[in-house]
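Letters go in sequence order (proteins before strands), and every chain restarts at 1.
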Amino acid sequence: MASINQTLLAFPSRQTPIPNNNHHHHHHHLFSALSSATTLPQLKQIHAQILRTGLDRSTSLLLKLIISSFSLSTSLDYALSVFNQISEPETRLCNQALREFSRSVEPEKTLLVYEKMRRDGVGVDRFSFPSLLKASARISALKEGMEIHGLASKMGFDLDPFVQTALIGVYAACGRIFESRQLFDKMLQRDVVTWSVMIDGYYQSELYEDALLTFEEMRSSGVEPDRMVLATIVSACSRTGNLNTGKAIHDYIIEKNVAMDPHLESTLISMYSNCGSMDLAQHLFDKLRPKNLVASTSMITGYSKLGKIEAARRIFYQMDEKDLVSWSAMIAGYAESDWPQEALKLFKEMQVSGLKPDQVTMLSVISACSQLGALDQAKWVHIFIKNHGFADVVSVNNALIDMYAKCGSLEEARRVFDKMPRRNVISWTSMITGFAMHGDADNALWFFDQMKAEKIEPNAVTFVGVLYACSHAGLVDDGRRIFSSMMNDYKIAPKQEHYGCMVDLFGRANLLREAVELIESMPFPPNVIVWGALLSACRVHSEVELGEFAAKRLLELDPDHDGAHVLLSNIYAKARRWGDVGEVRKFMKDQGIAKERGYSRIELNGVIHEFLMFDRTHKQVDEIYEKLDEVVSKLKLVGYAPNTGSVLVDLEEEEKKEVVLWHSEKLALCYGLLNLGKGSCIRIVKNLRVCEDCHTFIKLASKVFEREIVVRDRSRFHHYKDGICSCKDYW
DNA sequence: TTAGGGTTAG
């Protein structure tokens, strides 16, 4: 009906003869020229014509010119200058300009329009205020917003519902949610928009519970929610992980037959993804047509968080258009799912596609490098960061510190730290944790004191780092002192991680009794971290019974924990209880629990070489095994004898010796000895803990071959030099 | 209809 009416209404005017009037003719011509202009120079040409033909007093033409320049220019300077050339514009035109600017990408220019109005003595009316307030809200300008509020009161417009709604928005956007609520409560009538602004205010202030409560109030008051306010509420459920309420809202939408739009559909998909309900997310996503960037990106993130990286990848490659955020989501997905090489590969592909990364992307890329532990790659990423202007960002620098520490270079980590113009608690914590991983407790404690001296308040994570450093270096008294300081001076309640560090600390010092007492004193049930720490201590000190106990508790919590079985069998092997070793082995086999396959990585000129146990796939395989024979015979001369205690497979003793010799870190070491020059450090990353035999082997190799060797294992770094390891043989 | 609402995703 509407379109027919419009046609009927439009018809007579088309029949109206074009007035034989130059002004009218020019006006018409210029107006349509403005509609079809596609570039800023074209616009400027038309502007010149407007001035030439003396039509610059035509409000509609000038407004059209302003609006056209909004869509054609990235900057609104031109639009503003057109407006400024109009002398004493009417309030009505000003209000339209205010509205346009307040909704534009440069809302701050709205206030410049207002200034011009004041200069020219043009009055404001009640229609001016919502735009002025919206602009203030969008730029979080509390001072200006309050001034405009004052003026509105003086002019008696503060009871106008449109002005009141806009005021609620201003105060909410400026962090004054309490003032918003006061204004809201004073209103005599509230429609769905008013409620919506209030609820959105809570949402923007991250007060999701208040948003939900206010939504309930709205429903009780009899105002029907529409798709806009429903989208806000669904987002609030998404942020809080409140799947039940999210589902209830979705049911309501279906029940009431609320018309969905792409925005609401995407919000629901994100909510389900964020809550880990990928079946429901996928169901909605399948029905969504056309797919959009937001929904697809949510799907990628949702699947990635569940480790379903194949599903995430499928969505990613099905997207016909990808932007920075979708690439970043996929890169982060790989980085968080233990696929660091894929993350870096994708990052390079992204650059080929011509998209420029931002800092969020870079944080994922840095995290991938940290996991990979490859120093050349890390340096490449660091240079990229410097060249692309990310080097001043605090969070990026913090991530770089962590990256260098995990790639084995505390020197580079320190260099980044020293160069930072500003540092926060995370910067300090990253350095401390870095020192801890490398067993450098002196520096960790020095940095800890230094940060306190600089009045940076340590947090729970900082204490994990400090305690970790004490435990790795065997500083029992310092650890005890810091643990109580954390509780008493900083009022931080210890978590599982802190107890784990303390158990490790006591365990290392053979204070197992104290370790057990601490566990018994815990205010919550210990988790696998704590039992695992006790179990490791029992392995080192050959405590069979306590070890069995710890392993049992751990396996009650996580029956498939391969590490616990392996440690228990190590304990039995050390006690020469071969029958029990056999039992563990049989149990694992029967239950289908496999020890994670060990691998080691070594980087050569930026290329990463990965070795598995018994690996014969490398193209230099013959040379590597030849080198291994040579190394073994040289080490035997200084007393090396293969130690097969860590071998879990059922084999004859002679075969076990072969197995131990083919451990992946030994293959990587030989590869390094073959290919890296005499002076350079050999850096190896291993996914599991280094076994006892490899540890001895590498210590001896560092002496015999006069090499510095750095090995990162599952839990820490080992720096081998002159036959000694930085871990002092406790790991 | 000269004025008020959704920035959902990394």
Side-chain angles (χ1 to χ4, degrees), chain A residues 59 63 90-100 102-103 105 124-135 137-138 152 157 160-170 172-173 187 190-201 203-204 218 225-239 260-274 281 285 288 291-302 304-305 312 315-316 319 322-336 343 350 355 357-365 367:
Chain A
T59 302
L63 187 67
E90 292 163 28
T91 300
R92 194 185 160 89
L93 171 69
C94 293
N95 287 346
Q96 285 174 336
L98 286 173
R99 180 171 188 265
E100 291 302 323
S102 75
R103 299 158 81 109
V105 286
V124 290
D125 62 14
R126 67 197 169 96
F127 298 109
S128 317
F129 285 102
S131 301
L132 287 168
L133 292 167
K134 184 185 172 72
R138 287 191 56 199
F157 297 140
D160 180 312
F162 282 77
V163 176
Q164 287 176 316
T165 305
L167 279 168
I168 293 168
V170 171
M187 286 178 75
R190 305 178 193 95
D191 65 5
V192 67
V193 179
T194 320
W195 285 98
S196 179
V197 173
M198 192 65 238
I199 290 168
D200 189 59
Y203 178 79
Q204 299 300 338
M218 176 183 107
D226 63 6
R227 64 168 89 121
M228 296 232 203
V229 72
L230 287 167
T232 305
I233 282 301
V234 172
S235 301
C237 295
S238 176
R239 291 290 175 95
M260 293 244 220
D261 65 358
H263 187 109
L264 181 55
E265 286 178 294
S266 307
T267 307
L268 282 164
I269 290 169
S270 322
M271 185 270 295
Y272 283 127
S273 294
N274 224 8
F285 187 69
L288 181 69
K291 314 289 181 222
N292 64 54
L293 279 171
V294 174
S296 304
T297 307
S298 294
M299 294 296 292
I300 292 170
T301 310
S304 298
K305 279 191 188 141
I315 306 267
F316 183 73
M319 294 173 74
K322 306 182 190 80
D323 71 351
L324 171 63
V325 182
S326 28
W327 281 90
S328 299
M330 195 64 231
I331 291 170
Y334 280 129
E336 286 157 20
M350 173 181 158
L355 272 170
D358 67 0
Q359 13 166 324
V360 183
T361 322
M362 293 322 296
L363 288 174
S364 290
V365 172
S367 154

Query raised in the report: Do the side chain of A:S367 and the main chain of A:L363 share a donor and acceptor less than 3.5 angstrom apart?
Result: no
For residues 261-268 of chain A, run the donor-acceptor check on the side chains, cut-off 3.5 Å, and write out each pair with its distance to 0.1 Å, sequence neighbours left out.
residue: A:D261; atom: OD1; partner: A:H263; partner atom: N; Å: 3.3
residue: A:D261; atom: OD1; partner: A:L264; partner atom: N; Å: 2.9
residue: A:S266; atom: OG; partner: A:P262; partner atom: O; Å: 2.7
residue: A:S266; atom: OG; partner: A:N292; partner atom: ND2; Å: 2.9
residue: A:T267; atom: OG1; partner: A:H263; partner atom: O; Å: 2.7

Requested in this report: Tell me, please, which residues at least two apart from A:F162 pass ring-ring contact (aromatic ring centres under 6.0 Å, His included).
Outcome: none
Query - Interatomic distance at P, B:dT2 relative to B:dG6, whole Å - result: 22 Å
Report summary line: Quick tally for nucleotides 1-7 of chain B: nucleotides whose base has a protein heavy atom under 4.0 Å get B, sugar-phosphate-only ones S, the rest -, giving -BBBBBB
Query - Sugar-phosphate only, base, or nothing, as touched by A:S266 at under 4.0 Å among non-hydrogen atoms - result: base
Query raised in the report: Looking across every strand, which nucleic acid part, if any, lies under 4.0 Å from A:N292 by heavy atom: base, sugar-phosphate, or nothing?
Result: nothing
Query raised in the report: Which residues satisfy the ring-ring contact (aromatic ring centres under 6.0 Å, His included) test with A:F316, sequence neighbours excluded?
Result: A:W327
Query raised in the report: Looking for any heavy atom pair under 4.0 Å, which part of the strands does A:I331 touch: base, sugar-phosphate only, or nothing?
Result: nothing
Requested in this report: Just jot down the side-chain contact (heavy atoms from CB on, under 4.5 Å) partners of A:S102, sequence neighbours excluded, or say none.
Outcome: A:T110, A:S131, A:K134, A:A135
**Report entry** Sugar-phosphate, base or nothing in reach of A:S296, heavy atoms under 4.0 Å
**Finding:** nothing
Query raised in the report: With sequence neighbours left out, what residues match A:R126 under salt bridge (charged side-chain N to carboxylate O under 4.0 Å, His left out)?
Result: A:D160
